[in-house]
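Numbers here simply count residues along the sequence, with the first being 1.
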Amino acid sequence: MKTSRVSFAAALAAGTVLVLSGTAFAHVGVQPVGEAAKGGYATLNFKVPNERDNASTTQVEVNFPVDQPLTSVMPQDIPGWTSSVEKTKLDKPLTVHGKQVNEVVTKVTWTGGKIEAGKFQQFPVSVGKLPENAEQMVFKSIQTYDNGEVVRWIEEAKEGAAEPQSPAPVLKLTAAKGDAHHGAAKTDEAKNTEKDAGHGHDEAAAEHGSDTTARVLGIAGIVIGLGGVAFGVASRRRSA
């Protein structure tokens, strides 16, 4: 009886884990290919799973934050899907690579394809330049099914609160490349350490050179000595 209760509890716990895992991962998300460094460029994959058993996803819309404008947004071609890019004019132009940019991308929409039940699709987009003074970016997205249902992945998570029912995809940004905290500039202590290491190497090299010279001279002496012995023996034989 006790064994049966334990087995039932274990099965219930396993089932709960599976249900929670499915809930946690069954939403639109975004992941960079490699790193998404502040102030740099990156390729982002928007992953869209189909959550319905009786309908297919036929449209995906990703909105780009206006308060973190991206001057370059290029969706990758996906067989069976057509992408459309919407832009908006900026109140204040941005300067990128010496050129003024008056408009930025605010939305990318994919249509024409189909994500069937039990499957997912990734939508790659090349973006830049990523904001330099932010820790993350939020991409509110809308998923449309062929039965007319629309799911809005637009809720932003709040610190200390549980994950919302329909969370918006969040991209975590990493430190800018060449940042001082990542070893771009060497400290005086590091330089002194390298200097000491260099002196140690020079001393070791000098010691090794002296040792090698001594060995060469020693071998030369032995050879000369053997030659002298041989010459002496030959001379005695001639005398005899």
I need the full list of ring-ring contact (aromatic ring centres under 6.0 Å, His included) pairs touching residues 62-91, with sequence neighbours left out, sorted by first then second residue. F64-F139, W81-F123

How about D146 and T58: does a side-chain donor come under 3.5 Å of a side-chain acceptor? no

[atom1]/[X] to [atom2]/[Y] distance, rounded to the nearest 0.5 angstrom?
X	Y	atom1	atom2	value
T57	K119	OG1	NZ	12.5 Å
Q122	K47	CD	NZ	6.5 Å
N63	S141	CG	OG	7.0 Å
L70	S126	CG	OG	10.0 Å
T106	E103	OG1	CD	9.5 Å

Of all the heavy-atom pairs spanning S83 and P75, show the shortest one and how long it is. OG-CG, 3.6 Å

The criterion is side chain to side chain contact (heavy atoms under 4.5 Å, CB included); which residues satisfy it with [X], sequence neighbours excluded?
X	answer
Q136	V138, V170, K172
E35	T174, K177
N133	none
A134	Q68, P131, L173

Residues passing the side-chain hydrogen bond (donor to acceptor under 3.5 Å, both in side chains) test with Q59, sequence neighbours excluded, are none

Using the side-chain hydrogen bond (donor to acceptor under 3.5 Å, both in side chains) criterion, which residues pair with K107? Sequence neighbours excluded. none

Does L90 form a side chain to side chain contact (heavy atoms under 4.5 Å, CB included) with V104? I'd like the steps, not just the answer. CA-CA 7 Å; L90 295 173; V104 294; 3.7 Å; yes

pair [X]-[Y]: side-chain heavy atoms closer than 4.5 Å:
X	Y	value
P124	I78	yes
N102	K89	no
K140	E61	no
V127	L44	yes
V30	N45	no
H27	P167	yes

Please determine whether residues I115 and Y145 belong to a single hydrophobic cluster, defined as Ile, Leu, Val, Met, Phe, Trp and Tyr linked transitively by side-chain heavy-atom distances below 4.5 Å. yes

Assigning hydrophobic clusters by single linkage (Ile, Leu, Val, Met, Phe, Trp, Tyr; side-chain heavy-atom cutoff under 4.5 Å), is I142 placed with V48? no

With ILVMFWY side chains joined below 4.5 Å, transitively, what does [X]'s cluster contain besides itself?
X	value
M74	none
F120	none
V33	none

Does anything in residues 108-117 form a side-chain hydrogen bond (donor to acceptor under 3.5 Å, both in side chains)? List the pairs, not counting sequence neighbours. none

Would you list the pairs meeting side-chain hydrogen bond (donor to acceptor under 3.5 Å, both in side chains) in which at least one residue belongs to residues 149-158, sequence neighbours left out? R52-E149, Q143-W153

N50 side chain to A55 backbone, donor-acceptor under 3.5 Å: yes

Tell me, yes or no, whether the heavy-atom count around D77 atom CG, taken from other residues, nucleotides or ligands under 6.0 Å, exceeds 12. no

